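Okay, so here's the structure we're looking at.
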Amino acid sequence: MAQFDIQHLTFSYPTAPDRHCLDDICLTVEKGEYVALCGKSGSGKTTLLRHLKSVLTPHGTRSGVILFDGKPLDEADLRTQSGRIGYVMQNPDSQIVTDKVWHELAFGLESLGCDQKTMRLRVAEMASYFGIQGWFHRDVAELSGGQKQLLNLASIMAMQPDVLILDEPTSQLDPIAASDFLNTVRKINRELGTTILITEHRLEDIFHAADRVVVMDQGRIVANSAPKEVGAALYAQQNDLFAAMPAPMRIFYGAGYKGNDCPLTVREGRSWLSSITAGCKICDTLPEEAPYEEPEHPALQLKEVWFRYEKDTPDILKGVSFAVPKGSLFAIVGGNGTGKSTTLKSVCGICRPYRGKVLIDGKPADKLKDLFHGNLAMLPQDPQSLFVKKTVREDLREMLRDETEIAAMAEICEITHLLDSHPYDLSGGEQQRAALAKVLLTKPRLLLLDEPTKGLDSFFKRKLARVLRRLQDSGVTIVMVTHDVEFCAENADLVSMFFDGQLLTTNTPRRFFARNSFYTTAANRMSRHLFPDAVTAEDVMALLKENHL
């Protein structure tokens with residue numbers, strides 16, 4: 001018997017009753033399956049997953065049937081759904097309800113009425129399984145984003161659910177934490193037999209692990225098959241969604257190869273490259289990048305900036321110093337909780353350093369009049385914090401009354417069809433695009449972006465890259481904090497590593513990523529034994545072509 005059997009599900013939000021966010025969805029998920037759900041931002045992935053747990057089902061017009069273990073889902077009471085269907089959301093903070101780690105682990109079990117002995121055993125087991133013992137008694141507020149998401153997963157698994165639904169769970173995690181988290185999810189599926197449904201824009205770590213990949217586009221299922229078959233079908237159709245496929249697959253097809261031996265993982269890709277280059281003399285040179293030199297007249301400069309949130313707490317920023325050249329895209333990467341976002345907040349005055357200087361165009365930031373009008377703008381990590389009106393259009397009008405410019409910006413950010421929607425009815429990626437449009441209407445000279453690609457599909461990431469390049473061409477300087485190393489490698493002018501409250505090193509993307517073991521791209525890990533300086537899929541394809549392979 002199937003775990004979920006979705007029959008002809010159609011759904012529309014109240015603000016757009018004629019637009020079907022889900023259009024005649026038919027999908028069966030077997031017990032113990034690992035199903036990966038992918039598609040462009042706004043294709044209906046999150047809306048579909050929310051229909052699989054009644055308490056999260058969005059308000060709107062719905063038709064069709066959802067069966068859970070052969071019975072209508074609506075007939076399963078709240079207790080049954082809470083215990084048997086686990087759900088991990090994009091934003092870890094939206095799911096945590098208590099102040100202590102140990103209490104969060106026990107909260108779901110308390111709600112189900114478990115006896116104390118059972119509760120203690122399950123909490124201890126989950127804390128041990130997920131490696132939480134070291135921070136078992138800490139305040140939840142002190143945890144990093146990765147720790148919070150791991151805590152959410154452990155809290156749900158303590159209830160021993162039959163199904164685990166994950167909606168872009170790694171969108172706020174650094175690459176290492178994301179990989180660890182997704183490996184844990186795979187282990188849960190493999191060892192406990194828990195059914196997994198997961199949506200993820202970062203497909204490198206889940207595509208090969210999935211039994212089945214379901215691709216959605218404009219509310220419909222356009223592909224539903226094994227990973228290799230889905231990749232081959234999308235490539236044959238020249239579908240935009242092929243750009244979201246793992247780097248080894250994109251390199252394989254991009255280099256002109258076909259067949260069933262397409263690699264899905266870095267390891268398989270490395271073996272494939274070794275096999276096709278065996279006995280060949282390899283040319284591995286790529287265009288030289290000039291080394292980074294600190295600019296004489298930077299658009300932004302931080303000098304020995306120190307900051308702590310409270311007087312008696314440890315320093316978050318510990319002498320941060322760097323200079324950003326005018327007109328550049330300056331990317332900052334690093335682990336969760338190292339101080340990257342706090343650095344951006346220090347630049348725009350949300351967090352005031354107790355020591356050091358922040359200079360914008362050589363002038364102290366705290367002395368500039370009208371800092372946020374034509375000078376500086378910031379896109380925060382949580383786009384919902386920018387929405388204060390009932391529709392996207394009204395939110396944009398708050399920044400600028402010129403309807404022509406609003407329409408032009410909406411077209412650039414591809415939100416024209418969303419202007420009359422409530423911002424909270426949008427998907428994570430759509431909210432990100434709407435927030436970006438609102439920020440860009442201020443026409444800043446210095447743009448700060450905190451995780452701008454969070455929730456965005458690979459198709460719109462390319463669109464975002466073009467928007468950012470156009471801004472640079474018009475003289476805008478961009479400072480971006482991100483966990484998306486692939487986006488940095490392809491689009492940044494300079495990349496910096498942040499660690500333990502300090503910015504350690506700055507270099508060009510190729511010089512930066514080619515020297516790293518973990519903070520690097522899948523293309524580099526796959527090809528570095530042959531092409532040590534290749535950091536993007538395009539680099540590898542160019543070298544394969546140059547070597548006539």
Side-chain angles (χ1 to χ4, degrees), residues 174-176 247 266 284-305 317-336 338-344 346-347 358-359 446-453 461 464-465 468-469 471-472 476-540 542-543:
D174 64 76
I176 297 172
V266 167
D284 64 357
T285 56
L286 287 163
E288 187 73 18
E289 289 181 339
Y292 168 69
E293 294 182 2
E294 195 161 300
E296 288 186 22
H297 305 288
L300 171 67
Q301 186 172 18
L302 272 69
K303 294 183 176 180
E304 283 293 317
V305 170
L317 304 183
K318 305 173 183 179
V320 177
S321 297
F322 63 91
V324 180
K326 290 184 178 179
S328 66
L329 175 50
F330 189 95
I332 301 174
V333 300
N336 289 98
T338 55
K340 305 184 303 297
S341 297
T342 304
T343 299
L344 293 190
S346 295
V347 172
V358 177
L359 305 174
L446 175 62
L447 179 61
L448 309 180
L449 303 175
D450 195 354
E451 294 293 347
T453 63
K461 283 182 189 178
L464 174 65
L468 297 182
R469 186 61 62 187
L471 290 172
Q472 287 180 259
V476 177
T477 304
I478 303 165
V479 181
M480 174 177 68
V481 162
T482 184
H483 293 312
D484 194 336
V485 295
E486 311 285 343
F487 189 83
C488 288
E490 293 175 8
N491 302 294
D493 298 310
L494 296 166
V495 184
S496 293
M497 171 64 83
F498 214 95
F499 177 75
D500 192 28
Q502 294 180 319
L503 196 142
L504 299 182
T505 183
T506 300
N507 221 322
T508 58
R510 190 168 291 145
R511 289 173 180 268
F512 180 88
F513 289 115
R515 289 163 173 75
N516 294 339
S517 297
F518 298 103
Y519 262 92
T520 188
T521 61
N524 181 256
R525 294 197 305 273
M526 168 182 165
S527 66
R528 67 194 325 171
H529 65 298
L530 296 171
F531 312 129
D533 292 328
V535 296
T536 66
E538 287 70 24
D539 286 343
V540 179
L543 286 168

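The model shown is predicted, which means the values in this text are computed figures rather than measured ones. Numbers here are sequence positions counted from 1.
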message: Quick one, T482 with I332, criterion side-chain contact (heavy atoms from CB on, under 4.5 Å). Give me CA distance, side-chain angles, the key distance, then yes/no.
response: CA-CA 6 Å; T482 184; I332 301 174; over 6 Å; no
So how far is it from [X] [atom1] to [Y] [atom2], rounded to the nearest 0.5 Å?
| X | Y | atom1 | atom2 | answer |
| --- | --- | --- | --- | --- |
| E451 | L344 | CD | CG | 10.0 Å |
| N507 | F513 | CG | CZ | 11.0 Å |
| T342 | L317 | OG1 | CG | 5.5 Å |
| K318 | Q502 | NZ | CD | 7.5 Å |
| L359 | L300 | CG | CG | 8.5 Å |
| K326 | H297 | NZ | NE2 | 7.5 Å |

task: Please report the C-alpha distance between T506 and V495 in whole Å, then the side-chain angles of each, then the deciding distance to 0.1 Å, and finally whether the side-chain contact (heavy atoms from CB on, under 4.5 Å) criterion is met.
output: CA-CA 6 Å; T506 300; V495 184; over 6 Å; no
Say whether, by atom type as modelled, one donor and one acceptor occur between the side chain of [X] and the main chain of [Y] under 3.5 angstrom.
| X | Y | value |
| --- | --- | --- |
| S321 | E304 | yes |
| K340 | G334 | yes |
| R525 | T520 | yes |
| R469 | N491 | yes |
| R528 | A514 | yes |
| D493 | L329 | yes |
| D539 | V535 | yes |
| Y519 | M497 | no |
| Q472 | G327 | yes |
| S328 | P325 | yes |

Are any of the side-chain heavy atoms of [X] and [Y] separated by less than 4.5 Å?
| X | Y | result |
| --- | --- | --- |
| V479 | L447 | no |
| N524 | D533 | no |
| I478 | L449 | yes |
| E490 | K461 | no |
| V324 | T477 | yes |
| P287 | R510 | yes |

- prompt: Given L543 and L286, is the side-chain contact (heavy atoms from CB on, under 4.5 Å) satisfied, shown in steps?
  reply: CA-CA 8 Å; L543 286 168; L286 287 163; 3.9 Å; yes
Which pair of non-hydrogen atoms, one from [X] and one from [Y], has the smallest distance, and what is that distance?
| X | Y | value |
| --- | --- | --- |
| V320 | G501 | CG2-O, 3.3 Å |
| T521 | T536 | OG1-N, 4.5 Å |
| A523 | A247 | N-CB, 4.2 Å |
| S341 | D450 | OG-OD2, 2.8 Å |
| T343 | G339 | OG1-O, 2.9 Å |

query: Where do S496 and F330 land on the side-chain contact (heavy atoms from CB on, under 4.5 Å) test, with the steps shown first?
result: CA-CA 8 Å; S496 293; F330 189 95; 3.1 Å; yes
message: Looking only at the aromatic ring of each residue, does the gap between the centers of Y292 and F512 stay below 6.0 angstrom?
response: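 Here the rings of Y292 and F512 have centres that are no less than 6.0 Å from each other.
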- request: Salt-bridge test for E288 and R511: reply yes if a basic N is under 4.0 Å from a carboxylate O, no otherwise.
  value: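 R511 and E288: salt-bridged.
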